Amino acid sequence: MAKELIGVLDGKGKRIGIVVSRFNDLITKRLLEGAYDCLMRHGVKESDITTAWVPGSFEIPPVAKRLAANGKLDAVICLGTIIRGETPHFDYIAGQSSKGIGQIALESKIPIIYGVLTCDSVDQAVDRAGTKSGNRGWQAALTALEMANLYLNL
Ligand code: INI
C-alpha cells in the first residue's frame with residue numbers, strides 16, 4: 001500500500017515564531033491577531049509563541065532566518081502587508097521579501113510560512129485581514145501547524 005504523509009492540525013507542544021511588520025500595522029495587527037487565535041485554538045500555549053516586530057516587509061527575511069536558526073522553534077510565520085503605490089517601490093519590496101522568505105524556507109530545518117499580503121489597494125488588504133476574504137494570518141498559522149507536524153515525518 002502506498003505511504004501517505006500528512007501533517008495533522010494539532011498545536012499541542014508546538015513552539016511558534018512570528019515575524020510581523022509594523023508597516024501598514026492597521027492590517028498586520030489583524031493578521032497577527034488571526035494567527036494567535038488559530039494557534040491557541042489548536043492547542044499552542046500563548047507562552048510558546050515568540051513574536052518579533054520589524055519595521056517593514058523588507059526586514060522580515062533576515063529576522064525569520066535568525067529565529068529559525070535558534071533551534072527553539074517548530075515553525076516561523078512571516079506576516080506583512082505591501083500595498084502598491086505609484087512608483088516601482090512595491091515591486092522591489094514585494095520581490096525581495098518573497099524571494100528572501102522562499103530562500104529561508106528551502107534552507108531551514110523548520111517550516112517558514114509566507115503570510116505577506118501583496119495588494120493593489122488598502123481595501124484589498126482589509127478584505128484579507130479578517131473581513132470578506134477571511135484572515136490570511138489565521139490561514140498562515142494553520143499552515144504552520146500542518147507543516148510543523150509534516151516535518152516530523154520527513
Ligand atoms: N514595507 C511594507 O511592509 N509594506 C509596504 O507597503 C511598504 N512600502 O510600500 O513602502 C514597505 N516599505 C518599507 C520597507 O519594507 C523597509 O522597511 C524600508 O525600505 C527600510 O528597509
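Remember, predicted model here, so these are calculated numbers, not experimental data. Counting convention: from 1, in listed order, for ligands and their atoms alike.
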Location of contacts on I93 toward ligand 1, heavy atoms closer than 4.0 Å: side chain
Partner residues of D123 under the salt bridge (Lys or Arg N to Asp or Glu O under 4.0 Å) criterion, sequence neighbours left out: none
From Y92, F23, F90 - option closest to atom 13 (C) of ligand 1 by heavy atom: F23
Charged N-O contact under 4.0 Å between R15 and D48: no
Close-contact set for ligand 1 against N24 heavy atoms, below 4.0 Å: 4 (N), 5 (C), 6 (O)
Close approach of S21 to ligand 1, heavy atoms, under 4.0 angstrom: yes
Backbone N/O of S57 and side chain of S97: donor-acceptor pair under 3.5 Å: yes
Where at least one partner belongs to residues 25-59, residue pairs that pass ring-ring contact (aromatic ring centres under 6.0 Å, His included), sequence neighbours excluded: H42-W138
Test item: T28 side-chain N/O and S21 main-chain N/O as donor-acceptor pair under 3.5 Å: yes
Salt-bridge present (K14, D74; N to O < 4.0 Å): no
Minimum non-hydrogen distance to atom 21 (O) of ligand 1, winning option of E59, R84, R22: E59
Atom indices of ligand 1 within 4.0 angstrom of T81 heavy atoms, with elements: 2 (C), 3 (O), 4 (N), 5 (C), 6 (O)
Short side-chain to backbone donor-acceptor contact, D120 and R84, under 3.5 Å: no
Closest protein heavy atom (residue, atom, distance) for atom 10 (O) of ligand 1: H89 CD2, 3.0 Å
Top protein contact for atom 3 (O) of ligand 1, by heavy-atom distance: S57 OG, 2.7 Å
Contact (N/O only, under 3.5 Å) between I83 and ligand 1: yes
Nitrogen or oxygen of F58 less than 3.5 angstrom from that of ligand 1: yes
